[in-house]
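Note sheet for the following structure.
These values consider heavy atoms only, across backbone and side chains, with no hydrogens, waters or symmetry-generated copies. Predicted model, so just to flag it, every value in this text is computed and none were measured.
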Amino acid sequence: MALLLLLLFLTVSAVSADEDAFVGVNIGTELSDMPHPTQVVELLKAQQIQHVRLYNADRGMLLALANTGIKVAVSIPNEQLLGIGQSNSTAANWVSQNVVAHYPATNITTICVGSEVLTSLPNAAHILVNSLKFIHSALVASNLDRQIKVSTPLASSIILDSFPPSQAFFNHSWNPILVPMLNFLQSTGSYFMLNVYPYFDYMQSNGVIPLDYALLKPLPSNKEAVDANTLLHYSNVFDAMVDAAYFAMAYLNFTNIPVMVTETGWPSKGDSHEPDATSDNANTYNSNLIRHVFNNTGTPKHPGISVSTYIYELYNEDMKPGPVSEKNWGLFDASGVPVYILHVTGSGSMLANDTTNQTFCIAKEGADAKMLQAALDWACGPGKVDCSAILQGQTCYDPDNISAHATYAFNTYYHQTGKTSGSCDFNGVATITTTNPSHGSCMYLGSGGKNGTLLNSTIPAMDSKSSDSPTKFVYGNVFSASAYIVIGAIGWSALLL
């Protein structure tokens, strides 16, 4: 008990925030109709999303993110770790090609070395620390080590006995890796990156963890769980897991490394065995999470010091293997339409994702001109669209090309029919976008008022598919949900029943 209290006092003020905490998003790419990088960036800009994490260092995405100011975390996929961890020159080449070539136009701030390596790729664990050091050395050689942090996202399952948090410790078998890793993070001023999934903790607890605790719902003090060793009150699983990480680090005598949550979220749809994977619960969790971070509430252990967090994820990834839930963690579908409308206050305009009334129907980039003409003729004829605005001399005549004129007609039809399913198809030559195609005095239906929001841009469609995001669900986790260790089920049971 005395040791636990000592650890508490040693660490209660040791961690501080170098900058305001943020909420970012992870961008996976296992979609059957993956948007083009420029479309992705337009969505990020429209949603005021200023921090993103990529699961690779895709050149197209990095080019599209250039000169946007969006802060980017790039990743080294697990399959590249063996090469990088065994060769300083390989690490240097990776940094040269994927960081130096894009910085500073693309605002790369972080390099994530692998993803949950200890649990998903344990045979590479022995070279994880070398990989971190080699990548950092390459940044030093390029004078970028002060601007770009290096760390590695870890699964919360490496933390054992996580409730009450004051008793938490890392799986001792990983200490030979974790101690030098924590030394590296401390010496370079980097973060301890943790993937936190209250959904899985809740699902695996067999009813021990109440749903409201998992969803970060506000609770009266008499309903909160109390850590008997510290008398700290916990009203949600998220804070408990973050503090468990702080206590586990303190157990190894590291007290000044801030935690960053690199993955968290809630699925909006599940199969018959996943009754709590609903859009309402996903909305509740992510809305409460965003509010929690921006309110600077902090955790019971570190009040007032919020934890920067990346939501899993931007898009639903319909190509993910596994149960229905694994395909439904996104905030948006591939067209940029929100899966649900977040109930967020206090975050400014960030992720105010009510774009359901700000979607437009446009001609697909590269669509066959004859098919576009036929669709345009139909819209302006049997489709009963008033196409007078695209006649010569009228407000939407310019630019005078089939794609622009078709876009005007398609979008008008789409809105006149109430944006019903199938109203933006036109035999496959049309697509939905959240980018407003209005320009000058040519205002498109759905612009949100007389003047609308003018984004004079029609984003090209994606030509090819990509599957660079992790091969197994959850924010890039590549292991089964059953591998998650239930968060202190006995501790929760004793306090909550």
Side-chain angles (χ1 to χ4, degrees), residues 25-26 28-32 55 115-116 119-120 153 155-160 162-163 194-217 219 225 236-238 240-241 261-289 310-334 337-342 467 469-493 496-497:
V25 294
N26 287 270
T29 58
E30 290 192 52
L31 288 74
S32 57
Y55 286 105
S115 176
E116 303 189 337
T119 47
S120 64
S156 61
S157 58
I158 68 168
I159 302 173
L160 304 183
S162 54
F163 201 91
L194 188 68
N195 295 342
V196 176
Y197 285 99
Y199 172 75
F200 285 110
D201 295 326
Y202 164 75
M203 289 289 289
Q204 296 293 311
S205 74
N206 296 317
V208 171
I209 297 176
L211 181 61
D212 286 357
Y213 279 78
L215 291 174
L216 288 103
K217 284 189 174 181
L219 298 172
N236 62 76
V237 176
F238 181 89
M241 283 307 305
V261 174
T262 34
E263 299 178 8
T264 193
W266 198 282
S268 61
K269 186 186 295 184
D271 57 30
S272 59
H273 302 293
E274 302 170 300
D276 295 297
T278 67
S279 59
D280 282 347
N281 284 343
N283 191 341
T284 297
Y285 180 79
N286 284 321
S287 295
N288 287 340
L289 172 73
Y310 291 92
I311 294 175
Y312 185 84
E313 59 184 330
L314 186 63
Y315 294 113
N316 277 339
E317 294 186 87
D318 63 322
M319 300 295 287
K320 283 278 189 183
V324 173
S325 64
E326 298 199 5
K327 309 173 194 297
N328 290 280
W329 289 71
L331 299 172
F332 298 88
D333 67 17
V337 176
V339 177
Y340 46 84
I341 306 303
L342 289 166
S467 59
S469 58
T471 56
K472 179 74 177 95
F473 157 71
V474 293
Y475 255 56
N477 295 354
V478 290
F479 54 95
S480 162
S482 63
Y484 275 85
I485 295 184
V486 179
I487 120 176
I490 296 176
W492 280 103
S493 179
L496 297 172
L497 297 182

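When each of Trp329, Tyr285, Phe200, Phe238 is paired with Trp266, the ring-ring contact (aromatic ring centres under 6.0 Å, His included) condition holds for Tyr285 and for no other.
Between Gly330 and Asn316, the shortest heavy-atom distance links the atoms N-OD1, 2.7 Å.
Taking 4.5 Å as the limit, every side-chain heavy atom of Asp271 sits out of range of all side-chain heavy atoms of Ser325. Residues Tyr310 and Val25 fail the side-chain proximity criterion, which asks for heavy atoms closer than 4.5 Å. Within the 4.5 Å cutoff, side-chain heavy atoms of Thr264 are placed close to those of Leu289. For the pair Glu274/Pro323, a side-chain contact is recorded, criterion being any heavy-atom separation below 4.5 Å from C-beta on. Here the side chains of Met241 and Asp201 are in contact, with some heavy-atom distance below 4.5 Å. Using a 4.5 Å cut-off on side-chain heavy atoms (C-beta onward), Asn283 and Asp280 make no contact.
Take Asp276 and apply the side-chain contact (heavy atoms from CB on, under 4.5 Å) test, not counting sequence neighbours, and it matches Tyr202, Leu211, Asn281. In this view, Asp212 and Lys217 satisfy the salt bridge (charged side-chain N to carboxylate O under 4.0 Å, His left out) rule, not counting sequence neighbours.
A donor-acceptor contact shorter than 3.5 Å links the side chain of Asp318 to the backbone of Ser32.
The closest side-chain donor-acceptor pair between Asp333 and Tyr315, if any, does not fall under 3.5 angstrom.
Salt-bridge annotation for Lys320 and Glu30: present, with a side-chain N of the basic residue lying under 4.0 Å from a carboxylate O of the acidic one.
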(message) Run Asn286 and Leu331 through side chain to side chain contact (heavy atoms under 4.5 Å, CB included) and show every step you take.
(response) CA-CA 9 Å; Asn286 284 321; Leu331 299 172; 3.9 Å; yes
(request) Start with the C-alpha gap between Leu194 and Thr262, add the side-chain angles, then the distance that decides, and say whether side chain to side chain contact (heavy atoms under 4.5 Å, CB included) holds. (result) CA-CA 6 Å; Leu194 188 68; Thr262 34; 5.7 Å; no
